[in-house]
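These notes concern the structure reproduced below.
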Amino acid sequence: MSKMPDILWLADIKKEDIPSVGGKGASLGEMTAVGLPVPPAFVVTAQAFRKFLVTSGIDEKIFSTLKDIDVEDSDLLENVAEKVKEIVMSAKMPEDIRNETISAYDKMGGDAVVAVRSSATAEDLPDASFAGQQETYLNISGEKNLIESLQKCWASLYGARAIYYRVKQGFDHSAIDIAVVVQKLVYSEKSGVMFSSHPVTGEPTTIIEGSWGLGEAVVSGMVSPDNYVYDSRSGRVIDRYIATKEIEILPDGTHGTKEIRVPDERQKTAVLSDAEIARLAKFAKISEEHYGVPQDVEWGIVGDEIFILQSRPITTIKGTATTKKGEKVEGSGNIILEGQGASPGIATGKVVIVGSTKDLSKVNTGDIMVAKMTNPDMVPAMRKAAAIITDEGGMTCHAAIVSRELGTPAAVGTKKATSILIDGQVVSVDGEKGLVYEGRISIPESAVPAAAAPAGVAVSSAPIITATSIKVNVSLPEAAKRAAATGADGVGLLRIEHLILGLGKTPGWFIRNKKEEDFINELYVGIKTVMDEFPGKPVWVRTIDAPTDEFRNMKGGEDEPEEHNPMLGWRGIRRDLQSKDQFRLQIEAFKRLWEQGYDNLGIMFPLVGHPDEFVAAKELMREFGVDVDNKTLGIMIEIPSSAILIDDFIKEGIAFASFGTNDLIQYTLAIDRNNQNVADMYKPKHPAVLKLIKYAIEKCRAGGVECSICGQAGSDLEMVKWLVETGITSVSANIDAVQNIRETAARTEKKILLDAARK
């Protein structure tokens with residue numbers, strides 16, 4: 001891994017760069033790479049933010065202030081959030097970050113008008129949507145305003161709603177960084193959001209919502225948008241709803257935005273033509289096919305030109321609806337409101353009208369929350385509500401997205417809920433049909449949701465059995481439950497350096513400050529959290545593989561060596577063999593897990609280039625009291641030499657080998673994928689790369705050693721098809737890709753059997 005700069009342009013960014021550029025930044029880079037019409041932009045990376053925290057000395061002050069905060073105490077939460085944001089805003093930005101940001105801005109034209117968008121490193125993940133938790137600033141021009149907006153985005157990482165969401169999702173505040181996207185502003189005449197597949201059922205229809213002006217009106221739920229349903233199979237619009245669009249958001253002079261009333265003649269006019277709908281649907285499908293999962297895409301149109309502004313995985317497809325279409329609800333009573341069904345399910349409760357954030361404390365568990373529209377500040381109350389009803393909004397508004405993620409029934413765009421309903425009134429909400437009934441209704445058994453699947457995980461009617469073991473990659477212990485719910489056959493890669501980086505201190509700091517036990521316990525608890533979700537299934541934990549440039553930005557990293565190219569430097573097993581105390585702390589955590597009976601724990605050594613390094617690592621473990629002859633030990637194949645010498649590794653007793661394709665491709669082709677001059681030459685399916693992989697697979701099969709893949713290529717459907725045909729033993733994919741990878745493996749295996757039978 002090469003040193004990550006403070007500034008990256010979209011052309012230099014791929015989806016695996018999420019830790020550096022956040023979900024939004026990575027998505028924009030990927031879309032640019034596949035040729036979608038994305039406005040030019042650069043990203044101020046998460047490494048720049050972390051450098052800001054460390055060099056200004058505010059990191060420990062922030063994290064100690066946030067420690068053990070009771071997020072259910074709204075007043076306390078607001079006070080703490082304001083205090084922490086003030087700490088960030090008062091700190092001086094490092095001159096090098098400031099100068100590089102201004103230099104990049106100058107390259108966009110100097111006086112360019114931009115959107116400054118937060119992109120948190122845990123945002124838009126397939127297993128947790130953090131969208132809307134941090135701030136965006138539109139219509140920004142001039143160096144001073146840009147720098148101020150950048151620092152405001154950094155501060156928004158510690159807003160009340162962001163703090164609340166992280167605590168409830170189980171994310172460690174110190175482990176979350178933030179990148180900031182600076183993108184040329186598109187003066188959208190019309191804009192909106194589209195789903196490449198149905199956001200609840202996953203049906204293959206593109207749903208497009210649009211309104212006049214900038215897209216914030218649609219995303220926030222400020223306006224009820226037009227709704228169009230496009231069937232790509234027949235190539236036609238199969239349903240449309242033309243809303244009354246009273247408000248639009250437009251740029252306000254040279255700074256910020258304003259809300260204005262839409263002229264009467266345009267309020268009930270269709271926003272999109274059939275030709276525009278078809279073009280948008282085409283872009284949505286390109287994005288879905290590229291990522292391999294359905295996408296939630298933001299778009300804008302200026303004249304005849306369409307711009308794609310964002311694409312992220314749909315995190316709410318359940319695979320089965322919670323009520324049957326056309327089913328009659330028993331004892332329904334009178335329908336008093338009709339809107340759009342935004343999140344399926346049926347719930348009954350007392351109405352609580354929420355006019356502003358001051359009313360949030362009135363919402364108790366089981367109430368029906370009613371609002372003109374919702375915003376991210378209302379999430380704490382939305383978590384308590386049995387159902388949500390809004391006046392405005394559509395399938396893609398904040399209320400709809402959050403309700404689906406929470407599994408809470410929601411009816412949006414009812415127009416008059418806040419004026420018709422009264423506090424304390426008992427109503428029932430059918431979130432699939434968008435209907436609100438007077439009083440309590442009888443709920444059919446089939447309408448009661450089964451145990452909800454994690455967001456982003458498709459549920460199939462019956463498990464798919466494959467001879468190829470389909471595992472899952474895990475970076476954060478907090479994602480373990482969602483990873484396990486995919487039905488994966490184990491964990492093919494658990495990256496423990498993410499636990500280390502989240503501590504904000506290097507292993508050397510813990511050793512020098514006699515806090516080794518804190519370090520060991522952090523590893524033990526984090527790994528155990530994952531293993532408890534995969535009882536009896538293999539969990540392969542990779543030892544630390546953080547390069548020196550990542551350690552340098554942490555406390556204790558002051559003495560890290562300056563390396564011209566950290567990707568080729570002191571990292572992986574080569575560092576552990578020289579820093580024996582760092583290795584010992586990791587082994588101690590592993591020993592405690594083995595002593596607790598976690599025999600399914602396997603240890604994977606990264607960046608091993610010669611069998612001697614594997615032997616040396618085993619001997620060190622033996623010195624530290626591990627019965628290495630009865631433990632599962634393996635290697636990452638990331639260097640061409642480890643693929644070429646795989647026979648020798650097998651002779652030395654490896655139990656498994658797993659391809660780390662991101663590095664293997666770079667080392668084989670001499671291509672730094674973060675270097676804009678050669679990034680387009682980074683080719684995962686280059687013949688030399690495939691030849692190395694094929695050779696290692698064949699040798700492992702002959703030697704009876706499990707051969708796997710845990711790099712990004714393991715989540716690519718075409719690559720997995722080739723790997724299964726080549727004879728790989730197992731594949732470890734990202735959480736969002738497991739289901740599709742299993743289906744691909746199953747189809748490929750059946751084809752192999754069928755072809756053999758026909759011969």
Side-chain angles (χ1 to χ4, degrees), residues 14-19 23 26 30 124-128 288-295 313-315 317 319 453-460 463-476 479-495 498 530 533-534 537-542 602 604 634 636-638 656-665 684-685 693 697 706-749:
K14 301 292 184 290
K15 60 186 174 185
E16 50 265 37
D17 292 323
I18 283 179
E30 281 289 306
D124 296 344
L125 296 180
D127 53 330
E288 178 175 313
E289 288 169 4
H290 174 67
Y291 285 107
V293 292
Q295 294 290 296
I314 298 176
T315 60
I317 293 176
V457 177
V459 181
S460 54
I464 300 172
I465 307 300
T466 57
T468 307
S469 181
I470 307 300
K471 300 176 183 177
V472 64
N473 298 334
V474 179
S475 293
L476 298 168
K481 285 188 181 294
R482 290 186 174 89
T486 64
D489 300 319
V491 176
L493 171 63
L494 173 57
R495 306 174 176 93
H498 284 228
V530 177
E533 297 297 331
F534 291 87
K537 295 181 178 181
V539 176
W540 293 348
V541 177
R542 187 177 71 186
M604 183 159 57
M636 294 278 290
I637 300 179
E638 301 166 280
F656 64 88
S658 186
F659 297 106
T661 51
N662 296 351
D663 278 350
L664 181 61
I665 296 162
K685 297 172 187 174
I693 293 174
I697 290 175
E706 180 171 356
C707 190
S708 187
I709 184 171
C710 58
Q712 188 63 34
S715 298
D716 180 273
L717 301 184
E718 284 301 312
M719 186 68 169
V720 168
K721 179 176 179 291
W722 179 85
L723 288 166
V724 173
E725 291 172 343
T726 305
I728 202 163
T729 319
S730 65
V731 172
S732 192
N734 299 333
I735 293 173
D736 61 305
V738 169
Q739 182 73 11
N740 288 335
I741 294 300
R742 189 180 291 281
E743 291 171 357
T744 297
R747 283 195 299 270
T748 306
E749 289 173 355

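All values below come from the heavy atoms of this structure, side chains included, with hydrogens, waters and symmetry mates left out. Everything numeric in this text was worked out from a predicted model, so none of it was measured.
In this structure, the side chain of Arg542 does not engage the main chain of Met636 through any donor-acceptor pair within 3.5 Å.
Taking CZ of Arg495 as the start and CE of Met604 as the end, the distance is 9.0 Å to the nearest 0.5 Å. The distance from atom CD1 of Ile728 to atom CZ of Phe659, rounded to the nearest 0.5 Å, is 5.5 Å. In this structure, the separation between OG1 on Thr744 and NZ on Lys721 is 9.5 Å, given to the nearest 0.5 Å. Atom CD of Glu638 sits about 11.5 Å away from atom CD1 of Ile665, to the nearest 0.5 Å. Distance check: Asp489 CG to Ser730 OG gives 9.0 Å after rounding to the nearest 0.5 Å.
Contact between Ala713 and Thr661 at its shortest, heavy atoms only, is N-OG1, 3.4 Å. Minimum interatomic distance between Ala480 and Glu533 (heavy atoms only, all atoms of both residues): CB-CG, 3.7 Å. Taking each heavy atom of Ala657 and Ile637 in turn, the nearest pair found is CB-CD1, 3.7 Å. Here the closest heavy-atom approach between residue Val738 and residue Ala733 is recorded as CG2-O, 4.2 Å. Closest approach of Val731 to Ser708, counting heavy atoms only: N-OG, 4.0 Å. Contact detail for Cys707 and Ile697: the closest heavy-atom pair is SG-CG1, 3.8 Å.
With a 4.5 Å cut-off on side-chain heavy atoms, Ile693 and Leu723 count as touching. Side chains of Lys537 and Val491 form no contact here, defined as non-hydrogen atoms less than 4.5 Å apart. In this structure the side chain of Ile741 reaches within 4.5 angstrom of the side chain of Leu717, judged on heavy atoms. Residues Phe534 and Val472 form a side-chain contact, since some pair of their non-hydrogen atoms from C-beta on lies under 4.5 Å apart.
Partners of Glu749 under the side-chain contact (heavy atoms from CB on, under 4.5 Å) rule, at least two apart in sequence or in another chain, are Thr466, Ala467, Thr468, Val724. Residues passing the side-chain contact (heavy atoms from CB on, under 4.5 Å) test with Lys685 are Leu690, Asp716, Glu718, Met719, sequence neighbours excluded. Scanning for side-chain contact (heavy atoms from CB on, under 4.5 Å) contacts around Ser732 gives Lys471, Asn473, Cys710, with sequence neighbours left out.
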